[in-house]
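Here's the structure we're looking at; comments come further down.
Here the structure is a predicted model, which means the values were calculated and not measured.
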Amino acid sequence: MSTLEIEIWSDIACPWCWVGKRGLEQAIELFDAPVRVKWNAFELNPQAPLGLAEPVDYAQRLADKYGTGLQSAKEMIERMVNTGRERGLDLRFDRIRPTNTFDAHRLLSWAKSGDLQMDLKEALFNAYLHEGQLISDPEILVGLAEQVGLDGPAARDILQSDRFTTEVRKDEQLAQQIGVTGVPCFVFPRAKFGVSGAQPAEALLEAMEKARQQQKAPVG
């Protein structure tokens with residue numbers, strides 16, 4: 001049985017990406033064929049500082065970012081929290097510490113070579129969006145890597161070097177080339193199409209079925 005390949009561009013700092021991950025997991029459970037998932041890097045704010053000492057007023061941050069009123073930003077957060085709750089997530093915007101995610105993406109790129117990338121992605125989402133951990137802190141990143149079964153000293157060595165910088169930049173360049181402007185974005189490379197947004201399981205399952213049929217279609 002042919003394996004369906006899915007590449008996902010996302011950022012750990014994106015609440016909708018965690019919500020979309022849950023939808024994907026549910027769709028995979030319903031799909032009757034093997035699926036191989038690869039998470040690709042996308043930085044929503046490449047210029048983000050490496051660390052902020054305290055959590056921020058996330059509603060005010062959204063209001064400033066989108067040029068909207070504080071009440072509108074609070075309603076936006078409420079929608080994200082409610083959607084996350086529907087998918088079993090506890091999004092804690094009162095704890096979030098906005099920070100740079102580049103080093104986290106480097107570790108995720110390293111984890112592509114094994115079978116723990118999905119686990120590391122989940123640990124990073126939970127650390128940032130639920131626990132309010134500072135995921136630009138190398139020691140926190142090493143701890144998360146060890147938590148999912150990756151080699152801690154190897155993770156620390158990577159973070160102390162520039163390894164996997166090229167791989168992260170290639171992900172971001174490819175996103176530009178194929179027109180990824182927002183995340184999460186689910187791409188079916190062999191079927192040559194993708195879907196964007198935190199899609200529910202039903203929509204992703206439909207896309208997966210479509211991708212499978214297009215992969216089967218004869219060429220020419």
Q: Would you please test His130 and Leu89 for side chain to side chain contact (heavy atoms under 4.5 Å, CB included) and show each step?
A: CA-CA 8 Å; His130 175 69; Leu89 302 176; over 6 Å; no
Q: Mind running side chain to side chain donor-acceptor pair (under 3.5 Å) on Asn82 and Arg85 for me, showing each step along the way?
A: CA-CA 5 Å; Asn82 289 339; Arg85 188 177 294 120; 3.0 Å; yes
Q.
Go through it in stages, so that I can follow the logic: the residues are Thr83 and Trp16, the test is side chain to side chain contact (heavy atoms under 4.5 Å, CB included), and I'd like the CA-CA distance, side-chain angles, deciding distance and then a yes or no.
A. CA-CA 9 Å; Thr83 304; Trp16 289 119; 3.8 Å; yes
Q) Taking it one step at a time, do Val81 and Arg92 satisfy side chain to side chain contact (heavy atoms under 4.5 Å, CB included)? A) CA-CA 8 Å; Val81 169; Arg92 292 298 302 266; over 6 Å; no
Q: For Val56 and Arg97, run side chain to side chain contact (heavy atoms under 4.5 Å, CB included): C-alpha distance rounded to whole Å, both residues' side-chain angles, the deciding distance at 0.1 Å, then the answer.
A: CA-CA 6 Å; Val56 301; Arg97 300 171 70 181; over 6 Å; no
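With a 6.0 Å radius and a threshold of 12 heavy atoms from other residues, nucleotides or ligands, Glu75 has its CD atom above the threshold. Atom OH of Tyr66 is surrounded by 12 or fewer heavy atoms from other residues, nucleotides or ligands within 6.0 Å.
Using a 4.5 Å cut-off on side-chain heavy atoms (C-beta onward), Arg36 and Ile6 make no contact. The shortest side-chain heavy-atom distance between Arg212 and Phe31 falls under the 4.5 Å cut-off. Under the 4.5 Å side-chain criterion, counting only non-hydrogen atoms from C-beta, Ile96 is in contact with Pro98. Annotation: side chain of Trp110 is not in contact with side chain of Glu167 (no heavy-atom distance under 4.5 Å).
Classification of Glu139 and Arg156 as a salt-bridged pair holds, one side-chain N sitting under 4.0 Å from a carboxylate O. With respect to the salt-bridge test (charged N to carboxylate O, under 4.0 angstrom), the residues Glu43 and Arg169 qualify. In this structure, Glu122 pairs ionically with Arg22, as a charged nitrogen and a carboxylate oxygen lie closer than 4.0 Å. Using a 4.0 Å cut-off between a side-chain N of Lys or Arg and a carboxylate O of Asp or Glu, Asp90 and Arg95 do not qualify as a salt bridge.
Transitive grouping of hydrophobic side chains (ILVMFWY, heavy atoms separated by less than 4.5 Å) brings Val195 and Leu205 into a common cluster. Both Leu124 and Phe93 sit in one connected hydrophobic cluster of ILVMFWY residues. Membership requires side-chain heavy atoms under 4.5 Å apart, directly or through other members. At a threshold of 4.5 Å between side-chain heavy atoms, the hydrophobic network of Ile, Leu, Val, Met, Phe, Trp and Tyr places Met76 and Leu129 in one connected group. One hydrophobic cluster holds both Leu116 and Ile12 under the rule that ILVMFWY side chains link at heavy-atom gaps under 4.5 Å. Under a hydrophobic-cluster definition in which Ile, Leu, Val, Met, Phe, Trp and Tyr are linked whenever side-chain heavy atoms come within less than 4.5 Å, directly or via other members, Val148 and Ile140 are assigned to the same cluster.
Note that CZ of Phe188 and CD of Gln214 are 10.0 Å apart. Values are rounded to the nearest 0.5 Å. Residue Thr165 holds its OG1 atom at 12.0 Å from NZ of Lys170, rounded to the nearest 0.5 Å. Remark: Glu7 CD to Lys38 NZ distance equals 4.0 Å, nearest 0.5 Å. Note that CG of Leu91 and OH of Tyr58 are 9.5 Å apart. Values are rounded to the nearest 0.5 Å. The structure places CG of Leu204 at 9.0 Å from CD1 of Ile28, a figure rounded to the nearest 0.5 Å. With rounding to the nearest 0.5 Å, the separation of CD in Glu209 from CG in Leu4 is 9.0 Å.
Remark: side-chain polar atoms of Ser161 are paired, donor with acceptor, to backbone N or O of Ile158 under 3.5 angstrom. Between the Asn100 side chain and the Pro46 main chain, a donor and an acceptor come within less than 3.5 Å of each other. Side chain of Asp57 to main chain of Gln60: a donor-acceptor pair is present (N/O by atom type, distance under 3.5 Å, no hydrogens or angles). A donor-acceptor pair under 3.5 Å is absent between the side-chain atoms of Ser72 and the main chain of Thr68, judged by distance alone.
The one candidate from Asp171, Val187, Leu108, Val168 that meets the side chain to side chain contact (heavy atoms under 4.5 Å, CB included) condition with Asn40 is Asp171. Across Leu144, Ile135, Thr101, a single residue satisfies side chain to side chain contact (heavy atoms under 4.5 Å, CB included) together with Tyr128, and that is Ile135.
When all heavy atoms of Leu24 and Ile8 are compared, the pair lying nearest together is CD2-CD1, 3.3 Å. Of all the heavy atoms in Lys74 and Ala59, the pair that sits closest is CG-CB, 3.8 Å. Across Leu150 and Ala111, no two heavy atoms sit closer than the pair CD1-CB, 4.3 Å. Nearest heavy atoms, Arg87 versus Gln199: NH1-O, 3.1 Å. Across all non-hydrogen atoms, the minimal contact from Leu159 to Arg106 is O-NH2, 3.3 Å. Shown here for Trp39 and Ser10, the closest heavy-atom pair between the two residues is CE3-OG, 3.5 Å.
Cation-pi contact between Lys21 and Phe125: absent, since separation from the ring centre below 6.0 Å together with deviation from the ring axis within 45° is not met.
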